[in-house]
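Residue numbers start at 1 and run along the sequence shown. Just so you know, ligand 1 is whichever comes first in the structure, and atom 1 is the first atom listed for that ligand.
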Amino acid sequence: MIKGKKVLVTGGAQGLGLALVRSFYRAGAEIAVIDIRDQVFQLSQSIGAEDDKIHPIKGDLSVMESLRHSFNKAIEELGGHIDILINCAGLIQRESAFHFSMESWNRILDVNVTAVFELSRLAAVKMKKQRSGKIINFASILSVIGGYHAAAYSTSKGAIKQLTKSLSNEWAEYGIQVNAIAPGYMLTTMNTDLMKDSVRSTQVAERIPAKRWGTPEDVAGVALFLASPASNYVTGTIIPVDGGVLGR
Ligand SMILES: NC(=O)c1ccc[n+]([C@@H]2O[C@H](COP(=O)([O-])OP(=O)(O)OC[C@H]3O[C@@H](n4cnc5c(N)ncnc54)[C@H](O)[C@@H]3O)[C@@H](O)[C@H]2O)c1
């Protein structure tokens with residue numbers, strides 16, 4: 001169902017995005033990956049993939065010119081087609097609202113929201129012509145709850161929840177499904193500070209009904225479902241992958 005599909009993943013150099021690249025590669029997809037990190041060039045090697053199935057592109061999604069250039073390069077590498085767009089790149093800064101710099105606020109909103117909007121419509125122009133396409137965004141449990149010392153991040157993820165619904169309404173009639181995954185507490189470098197603090201890390205795990213942090217692999221199955229024809233009548237949804245946190 002995923003075999004032969006042309007996929008663009010942002011933020012695939014590490015964390016959840018890396019797990020997605022690995023899973024979609026194993027499912028037979030050809031994948032372009034946009035990331036700001038040089039690590040993106042080691043992707044084929046680190047997942048043991050054939051070079052012609054993974055196309056690494058280094059780009060900064062907070063800069064519109066770089067975003068558009070990276071998108072065009074991705075489409076070129078994918079032979080002019082895109083079936084699935086996964087907007088996974090994101091960043092957080094944990095800081096009190098009083099001390100938050102406007103520079104950080106703008107960068108978080110640029111990467112977590114504006115880039116998702118622009119990439120989605122660039123991809124949707126192509127998907128509309130082929131009358132099919134899947135767009136998968138990364139929301140968060142902080143799309144629903146406010147979090148602490150994460151004003152810019154939770155604002156951005158709240159926006160992703162609404163953007164996902166809004167775009168799904170516009171594009172459903174063209175056979176394009178737009179959905180989002182809302183991960184809970186996942187074991188990635190985004191949470192290094194929390195994980196390093198053994199007291200807080202244990203407190204977090206205690207609050208999760210599943211009693212454990214999530215792993216990058218936990219999101220991959222849901223992403224494969226949302227990318228496959230099995231979800232062709234599913235659009236505008238936000239699926240939590242959080243070990244039960246939002247159900248408490
Ligand atoms: N880890 C969690 O607990 C968690 C929870 C909820 C939601 N999420 C969301 O899932 C997604 C992936 O998170 P993760 O934990 O894998 O994070 P991560 O920090 O491990 O990976 C994020 C990736 O995005 C890339 N990126 C950041 N800024 C970029 C830019 N300007 N241009 C291009 N690439 C850029 C990074 O280089 C990195 O490879 C994010 O959208 C995040 O908000 C994560």
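Checked by distance only, ligand 1 and Met186 come closer than 3.5 Å through their nitrogen or oxygen atoms. Between Ile141 and ligand 1, no N or O atom pair is found at a separation short of 3.5 Å. Checking only distances, Tyr185 never comes within under 3.5 Å of ligand 1, N or O to N or O. Ligand 1 has a nitrogen or oxygen under 3.5 angstrom from a nitrogen or oxygen of Gly184. Considering backbone and side-chain N/O of Leu16, one or more are found under 3.5 Å from N/O of ligand 1. For Cys88, a nitrogen or oxygen atom sits less than 3.5 Å from a nitrogen or oxygen atom of ligand 1, counting backbone and side chain alike.
The pair Glu118-Arg121 meets the salt-bridge criterion, since a charged nitrogen lies less than 4.0 angstrom from a carboxylate oxygen.
Within the 4.0 Å heavy-atom criterion, the part of Asn191 lying near ligand 1 is the side chain and not the backbone. Residue-level proximity to ligand 1 for Arg107 is carried by the side chain, the only part with a heavy atom below 4.0 angstrom. The backbone and the side chain of Ile36 each have at least one atom closer than 4.0 Å to an atom of ligand 1 (non-hydrogen atoms only). Neither the backbone nor the side chain of Pro216 comes within 4.0 Å of ligand 1, counting heavy atoms alone.
Residue-ligand proximity, Ser140 to ligand 1, at heavy-atom distances under 4.0 Å covers atoms 6 (C), 7 (C).
The closest side-chain heavy-atom distance from Val33 to Ile31 is below 4.5 Å. In this structure, the side chains of Ser132 and Ile176 stay at 4.5 Å or more apart for every pair of heavy atoms.
Here the rule is side-chain hydrogen bond (donor to acceptor under 3.5 Å, both in side chains) with Glu30, and of Lys6, Lys3, Lys53 only Lys6 fits it.
If you check the side chains of Thr164 and Asn179, you find no donor sitting under 3.5 Å from an acceptor.
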